[in-house]
Each structure stands twice: as structure tokens, then as C-alpha cells.
Amino acid sequence: MADPLDIQRLQAAFPQIEIEHHVQIDSTNSRALELARSEQIDRWRLILAEEQTAGRGRGANRWFSAAGAVTFSFLLPAEMTLPQPDWPRLALATGVAVCQTIEAFEPRALVGLKWPNDVFLNGRKVCGILIEGISQPRPHLVVGIGVNVNNSFATAPAELRQIATSIVDETGREHDRTEVLRAVIHNFDRCGRELASDPATLARHWQRYCLLTDCVVRVATNSRQIVGRCQGIDEAGALLLQTEAGVERCVAGTVVSWE
Ligand code: BTN
């Protein structure tokens with residue numbers, strides 16, 4: 001196992017959060033959803049895993065993370081639950097929190113957001129974010145985050161090395177995973193509050209981090225594909241594409257190519 005997470009240190013830093021730590025679990029998001037279905041959730045829960053056996057990504061994707069990654073889910077109390085149209089903003093706020101965390105540890109790192117849910121470091125994916133919710137018995141939101149910190153992709157298959165990376169791979173330095181997690185929680189909390197109190201400032205951050213701006217981007221939505229030159233992300237979290245027909249706002253979808 002990689003350097004173990006120091007749960008006592010984490011709990012002392014965030015006494016208001018109930019922390020659940022697993023050496024191995026199928027998926028921290030699945031566990032959080034199970035808790036939301038079966039218990040009254042009146043304060044933040046944090047579900048952490050050293051290893052996931054069935055980590056889930058967006059859509060039908062799986063999420064692989066080796067020892068040394070930081071893998072966790074927030075289960076938010078009902079009063080912090082946002083309606084589904086607001087999830088893109090929450091995903092972007094989470095991405096901003098992760099970008100700011102990586103920059104704090106590695107000030108020269110080139111971090112950015114690939115709309116809507118990915119964080120990139122030096123051109124490859126370093127973090128994935130998965131937001132899920134339930135409406136019964138009470139509405140609850142789960143924000144799952146996987147950050148590649150000390151898990152090197154050096155021996156991973158070439159196809160994976162082309163698209164994924166970790167902080168250690170890019171900088172040659174390992175980091176205390178507990179401190180990385182502490183910073184992500186702190187920044188997530190701050191960005192979450194900013195979503196409500198100062199959305200314009202937060203939107204300026206996701207604009208600044210948007211890696212797709214000025215690129216020709218192809219987005220697959222449920223019904224069609226849209227191609228256009230990206231003009232950034234608006235305050236509502238929609239990707240703006242300048243197409244021949246005018247500016248299209250993509251509120252949901254997957255970026256299939258950008259150049
Ligand atoms: C994606 O990039 O498609 C999203 C990946 C999200 C991975 C995280 S790891 C912690 C949490 N538990 C899961 O099963 N998935 C999320």
C-alpha cells in the first residue's frame with residue numbers, strides 16, 4: 001500500500017465531516033449512494049478508499065486507480081442538494097477546487113479543465129469527477145473525485161499513458177496524500193460556497209482554467225454532435241461553441257475531440 005492516509009489528522013482538520021475510510025471497496029460513489037438511501041444524512045460525509053475494485057466513471061466508463069491515488073466521494077446533506085440543471089456548475093466548481101489544489105502544491109503545473117468534469121495536467125487527465133444523485137427517500141448529491149497523485153503511469157499500457165497522468169509523473173515529486181486531500185476538501189468547501197455567494201467570480205475561474213477555449217471542439221449530446229470553435233464556459237456552466245449557425249450553448253455532453 002502507498003503512504004496511508006492519516007484519518008486522525010484529517011478528522012482533526014474537519015471535525016464537522018463524518019469520515020469513512022475503506023482499505024478496499026467497490027466504489028466510494030456507490031457506497032455514498034447506499035448511505036443516502038438508508039440513513040438520515042444531516043452533515044457532510046466523506047467516503048475514502050485506498051483501493052476501489054469497481055470504480056465508476058461517467059456513462060458506462062470505469063475508473064482505474066492504483067495505490068497512491070486519492071479516491072473519495074462527498075455525500076452532501078439534503079439542504080446542500082442542487083437540482084440537476086445545476087450539476088454542471090457543481091462539477092466545474094469541483095474542478096476549479098482541484099486545479100487550485102494542484103497549483104498550490106505545484107505552482108508551475110499547467111492545470112486546466114476539460115469541460116465538463118475533467119482536470120488535466122500538462123495535457124493529460126489527472127482527475128475525474130462524477131456527480132450522482134438520488135431523489136428518494138430524500139434528495140442527496142454525491143460528488144466523487146479521483147485524483148492521480150503518487151500513482152505513476154510509467155508501467156501502464158501505452159494507450160492509457162497517452163491520455164492519463166499523475167502529479168508524480170509530471171513533477172517527479174510525491175506528495176503527502178493526506179495534505180492533498182485536506183486541500184481539496186478545503187477548496188471544495190470554499191468553491192461550493194462561492195457557487196451561492198459569488199457565482200460570477202467562480203465563473204471567471206472556470207473560464208480561466210478552460211482548456212478548450214479557442215479550440216475547434218466536437219461535443220456529443222444525447223441527440224446529436226455539435227462542432228464549433230469554443231468561446232469558453234458561461235456562468236451557468238454551459239460550453240459555448242461558435243458554429244456556422246451561431247453560438248450554441250452545450251449544457252450537457254461529452255467532448256469527443258478538440259484541436
Ligand atoms: C470520469 O472521469 O469519468 C469520472 C471518474 C470519477 C472517479 C471517482 S473515484 C471516486 C468516485 N468513486 C467512483 O466510483 N467514481 C468516482
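For ligands, and for the atoms within them, numbers begin at 1 and follow the listed sequence. These numbers come from a predicted model, not from an experiment.
Ligand 1 places these atoms under 4.0 Å from at least one heavy atom of Gly55: 14 (O). Residue contact check: Asp118 has heavy atoms under 4.0 Å from atoms 2 (O) of ligand 1. Against a heavy-atom cut-off of under 4.0 Å, Gly57 is close to the following atoms of ligand 1: 1 (C), 3 (O), 4 (C), 5 (C).
Residue Arg58 has at least one nitrogen or oxygen atom sitting less than 3.5 Å from a nitrogen or oxygen atom of ligand 1, judged on distance alone. Ligand 1 has a nitrogen or oxygen under 3.5 angstrom from a nitrogen or oxygen of Gln52. Considering backbone and side-chain atoms alike, Asn61 places every N or O at 3.5 Å or more from each N or O of ligand 1.
From the protein, the heavy atom lying nearest to atom 2 (O) of ligand 1 is Lys125 NZ, 2.5 Å. Looking at atom 10 (C) of ligand 1, its nearest protein heavy atom turns out to be Thr28 OG1, 3.2 Å. Among protein heavy atoms, the minimum distance from atom 5 (C) of ligand 1 is reached at Trp63 CE3, 3.4 Å.
One finds a salt bridge joining Arg9 and Glu179 here, because a Lys/Arg side-chain nitrogen approaches an Asp/Glu carboxylate oxygen to under 4.0 Å. Taking a cutoff of 4.0 Å between a charged side-chain nitrogen and a carboxylate oxygen, Asp234 and Arg249 qualify as a salt bridge. Ion pairing between a basic and an acidic side chain is recognised when a charged N comes within 4.0 Å of a carboxylate O; Arg108 and Glu103 show no such pairing. In summary, Glu34 and Arg31 engage in a salt bridge, as defined by a charged side-chain N under 4.0 Å from a carboxylate O.
Annotation: side-chain contact (heavy atoms from CB on, under 4.5 Å) contacts of Gln225 (sequence neighbours excluded): Arg218, Ala220, Val256.
Within 6.0 Å of atom CD in Gln24, more than 12 heavy atoms from other residues, nucleotides or ligands are found, so the atom counts as buried in its surroundings.
Within the structure, the closest approach of Asn117 to ligand 1 does not fall below 4.0 Å when heavy atoms are considered.
For atom 16 (C) of ligand 1, the nearest non-hydrogen atom from the set Arg31, Arg56, Glu132 comes from Arg56.
With a 4.0 Å cut-off on non-hydrogen atoms, Ile129 touches ligand 1 through its backbone and not its side chain.
Put simply, the residue from Thr165, Ile167, Val168 that forms a side-chain contact (heavy atoms from CB on, under 4.5 Å) with Ser152 is Val168.
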Name the atoms and distances for all side-chain donor-acceptor pairs under 3.5 Å in residues 128-139, with sequence neighbours left out.
unit_1 : atom_1 : unit_2 : atom_2 : d
Glu132 : OE1    : Asn29  : ND2    : 2.9
Glu132 : OE1    : Arg56  : NH1    : 3.3
Glu132 : OE1    : Arg56  : NH2    : 2.9
Glu132 : OE2    : Arg56  : NH1    : 2.7
Arg138 : NH2    : Glu39  : O      : 3.1

